[in-house]
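Shown below is the structure under consideration.
What you see is a predicted model; the values in this text were computed from it and never measured. Throughout, protein chains are lettered first and strands after them, A, B, ... in sequence-line order, and every chain is numbered starting at 1.
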Amino acid sequence: MPRFFLTTAIDYANGEPHLGHALEKVGADAIARFHRQLGYDVHLLIGMDEHGQKVAQTAEKQGMPPQQFVDNIAAIFQAMWKRLGVSYDQFIRTTSPEHKDAVRRLIEQIFAADAKLPEAQRNFYERSYTGLYCVGCESFKQPADIVDGKCAVHPTRTLEEVTEHNWFFRLSAYTDRLKQLFADQPSFLQPDSRRNEILQLLEQGLDDISASRSRFDWGVPFPRPLSGGDTQTTYVWFDALPNYWTARFFPGFEQKAAWPANLHVIGKDITRFHTVIWPAMLMAAGEPLPAQVWAHGFISLGGERFSKSAGVKLTLDEAIDRYGVDAFRYYLLRDVPYDGDGSFSWERFEEVYNSDLANTLGNLASRSIAMIEKYRAGVVPSVTPEPELSTAHQAALAQARAAVDGDRRHRPHEAIAALMDNARRTNEYIQRTQPWALAKDPANAAALDVVLATLASSIAHCAAWLAPIMPHKMQALWQQLGGAGDVAAVRLDSPIDVGGWKVTKGDPLFPKPEPPAKAAQ
RNA sequence: GGCUGGGUAGCUCAGCUGGUGAGAGCGCACGACUCAUAAUCGUGAGGUCGAGGGUUCGAUCCCCUCCCCAGCUACCA
């Protein structure tokens with residue numbers, strides 16, 4: 001059984017989960033679920049990035065120890081992922097002792113490699129960094145952030161020239177190897193739009209980055225003191241990014257999270273960290289690289305971006321409550337291309353819900369099951385489905401497969417488009433064959449058998465293929481069809497034989513919301 | 001400023017290396033049907049294919065200029 005180890009970005013524990021987080025997790029979850037149903041041994045890793053100055057500050061403002069603060073946040077995130085049906089196999093937290101130990105191990109591994117290198121080539125070295133420091137932001141400012149010699153965020157404050165002595169990582173030495181990586185392995189970073197950006201960045205050359213900081217201590221102590229004797233705190237690159245690699249040092253996950261990962265799912269804003277810094281770190285440590293990084297786009301709300309640190313205007317609970325978890329998942333995955341950006345609006349959500357879910361899919365199931373009950377006492381005839389529709393059907397499934405596991409992989413929205421096409425085509429088939437007319441004359445019994453079997457087959461395939469998108473609703477549909485067991489266990493790469501299944505019409509899968517109460521005249 | 005990718009029907013978008021009538025879904029209008037969640041099916045509406053030049057027998061797809069939009073341009077994560 002081939003394994004498929006995928007990860008999402010770990011979320012910064014500095015606020016509550018919002019739409020942007022949800023898009024990434026639900027997308028990665030769909031990818032994971034599709035792979036499970038295609039026979040992969042899947043391991044989905046998600047988690048929290050809980051260190052750093054901002055977390056420590058926020059905790060302090062709320063008057064609690066940082067660990068307690070991040071414990072609370074982590075619980076909130078996990079509860080939300082459970083609610084959204086994110087089927088993660090491991091939840092990693094950077095404050096875990098296992099992670100912190102493994103971070104030190106990775107750094108020591110690089111030091112060990114350095115011991116064999118001439119000093120001028122060593123990955124880690126000490127260096128003084130002088131920069132303009134904004135007291136208001138409590139951080140160094142880059143030229144782009146400086147307006148008229150002042151910090152753009154705090155124009156009334158004077159920027160101070162501050163010198164800090166840190167451990168540095170010789171990222172600059174990896175420029176050529178990274179270029180080679182991108183040339184040899186075009187699929188390492190996808191989609192191509194992101195890849196192009198990084199190629200351009202590499203053309204400009206890379207600067208070294210700091211690996212430790214002195215200004216905060218909420219983090220992993222850097223394993224080696226500076227020559228002056230001070231111990232600093234491991235900076236974010238060497239703390240957060242390694243989580244993918246440290247996951248296997250947690251008890252019980254040695255095999256499941258075995259390195260390297262097959263896929264890192266991340267937001268496009270952190271592409272550079274995952275495709276430049278992270279591979280360079282791994283190269284330095286002599287570790288294999290992940291097979292692929294997928295940088296998804298963003299979802300906006302009312303024109304505002306939902307990056308990791310943006311404000312929240314729509315709570316996830318609100319979005320879920322209106323039409324249910326599965327409808328929300330469907331909307332996110334169908335309307336926001338996973339290789340691009342999209343936006344959220346209630347108008348659009350309603351449109352998609354009514355058109356796709358209630359009218360096309362829900363009603364298709366409803367009418368088909370009703371006819372099987374009415375004309376064949378609920379038993380799906382054991383005959384071969386209509387070849388013409390089956391052929392189109394196979395084409396649609398092949399298209400969906402390509403969007404999951406083929407040359408269009410990691411584009412759940414394309415899989416959905418193919419599957420809904422199939423549902424529409426099935427509705428058309430009903431109209432064309434008019435089973436209600438066939439039912440009027442017993443002489444047409446054989447023809448009617450074929451139509452009904454074709455419908456059941458088509459819908460069963462839809463249920464199985466849409467299960468990764470809408471796990472609960474498709475399970476309900478599967479049961480209405482008379483399918484045995486858990487639809488999530490159904491393999492997508494083998495045909496489903498529905499002959500003899502006993503269907504049961506249940507409540508509508510996607511009920512139309514109550515029409516708005518008539519306003520009193 | 002530099003670089004990259006875009007601007008196609010009301011909306012969201014397909015249109016591979018240029019060639020009979022520019023497409024899909026949604027929405028809208030009209031018609032059909034009744035198995036179904038007043039759902040479904042069919043037909044249609046006729047969009048200067050961002051603007052202006054150019055190459056070509058012929059360009060939405062090639063070249064030039066311009067306008068507009070988005071992203072990237074490295075230590076908040």
I'd like to know if the side chain of R367(A) pairs up with that of N427(A) as donor and acceptor (distance under 3.5 Å, no hydrogens or angles considered). yes
Please pick, from rC75(B), rC35(B), rC72(B), the nucleotide with the shortest atom-to-atom distance to any side-chain atom of W237(A). rC75(B)
From rA36(B), rA39(B), rA70(B), nucleotide with atom closest to R367(A) side chain: rA36(B)
Can you figure out which of rA36(B), rC35(B), rC75(B) approaches the side chain of S366(A) most closely? rA36(B)
Base, sugar-phosphate, or nothing for G205(A), non-hydrogen atoms under 4.0 angstrom? base
When the ring planes of F169(A) and Y174(A) are compared, do they come out parallel, tilted or perpendicular, using 30° and 60° as the limits? parallel
If I pick the P atom on rG52(B) and the same atom on rA29(B), what distance separates them, to the nearest angstrom? 34 Å
What nucleic acid atoms does I277(A) come within less than 4.0 Å of, heavy atoms only: base, sugar-phosphate, or nothing? nothing
Of all the choices, rU37(B), rC26(B), rC33(B), which nucleotide is nearest to the side chain of P508(A) once you look at every atom? rU37(B)
Considering Watson-Crick and G-U wobble pairs with both distances under 3.5 Å, what does rG1(B) pair with? rU73(B)
With P as the reference atom in both, quote the distance from rC72(B) to rG10(B) in angstrom, rounded to an integer. 31 Å
Separation of the P atoms in rU8(B) and rC62(B), to the nearest angstrom: 16 Å
Does OP1 or OP2 of rU37(B) have a side-chain N or O of K505(A) closer than 4.0 Å? yes
Considering every strand and a 4.0 Å limit on heavy-atom distances, what is the contact class for G52(A): base, sugar-phosphate, or nothing? nothing
Would you mind telling me which of rG71(B), rA39(B), rC75(B) lies closest to the side-chain atoms of N363(A)? rA39(B)
E428(A) side chain, from C-beta outward: closest of rC72(B), rC41(B), rC76(B): rC41(B)
Which one is paired to rU40(B), where only Watson-Crick or G-U wobble pairs with both distances under 3.5 angstrom count? rA32(B)
rA51(B): pairing nucleotide in any strand, Watson-Crick or G-U under 3.5 angstrom: rU65(B)
Gap in Å between the two C1' atoms, one belonging to rG6(B) and one to rG50(B), rounded: 11 Å
If the P atom of rC63(B) is compared with that of rU4(B), how far apart are they to the nearest Å? 13 Å
Taking atom P in both rC66(B) and rC3(B), compute the distance separating them and give it to the nearest angstrom. 12 Å
Check every strand shown and say whether F273(A) touches a base, only sugar-phosphate, or nothing at a heavy-atom separation below 4.0 Å. base
Can you tell me the pairing partner of rA24(B) across any strand shown, Watson-Crick or G-U wobble, with both distances under 3.5 angstrom? rU12(B)
Take atom P in rA24(B) and the same atom in rG5(B), then report the distance between them in whole Å. 29 Å
When the nearest nucleotide of RNA chain B is assigned to Q200(A) and to S210(A) on a heavy-atom basis, which residue is associated with the more 5' position? Q200(A)
Any donor-acceptor pair, under 3.5 Å, between the side chain of S355(A) and the base of rC26(B), if you only look at N and O atoms? no
Please state the C1' separation for the pair rG21(B) and rC26(B) - nearest whole angstrom. 25 Å
For the pair R408(A) and E414(A), find out whether any cationic side-chain nitrogen is under 4.0 Å from an anionic carboxylate oxygen. yes
Is any NZ, NE, NH1 or NH2 atom of the basic residue among R425(A) and E428(A) found under 4.0 Å from an Asp or Glu carboxylate oxygen of the other? no
How would you label the contact of N427(A) with the nucleic acid (heavy atoms, under 4.0 Å): base, sugar-phosphate, or nothing? sugar-phosphate
Pair K25(A) + D11(A): basic N to acidic O under 4.0 Å: yes
From C-beta outward on K512(A), which listed nucleotide comes closest to its side chain: rC75(B), rU40(B), rU37(B)? rU37(B)
Regarding L206(A), tell me which of base, sugar-phosphate or nothing describes its non-hydrogen contacts under 4.0 Å with the strands shown. base
With heavy atoms under 4.0 Å as the rule, sort A358(A) into base, sugar-phosphate or nothing. base
Nearest-neighbour nucleotide for the W436(A) side chain, rG71(B), rU34(B), rC75(B) considered: rU34(B)
Please determine whether a side-chain nitrogen of the Lys or Arg among E350(A) and R322(A) lies less than 4.0 Å from a carboxylate oxygen of the Asp or Glu. yes
Which nucleotide sits closest to the side chain of N196(A): rU4(B), rC75(B), rA70(B)? rU4(B)
For F510(A), does the six-membered ring have the charged nitrogen or CZ of K473(A) within the cation-pi criterion, i.e. under 6.0 angstrom from the centroid and within 45° of the normal? yes
Among rC35(B), rC26(B), rU37(B), the one nearest E351(A) by side-chain distance: rC26(B)
So does D239(A) pair up with K100(A), basic N to acidic O under 4.0 Å? no
Kindly say whether, by distance alone, the side chain of R213(A) makes a donor-acceptor pair under 3.5 Å with the base of rC75(B)? yes
When we call it a touch if two heavy atoms are under 4.0 Å apart, what does R432(A) touch: a base, just sugar-phosphate, or nothing? nothing
Using a cut-off of 4.0 Å on non-hydrogen atoms, how would the nucleic acid contact of D208(A) be classed: base, sugar-phosphate, or nothing? base
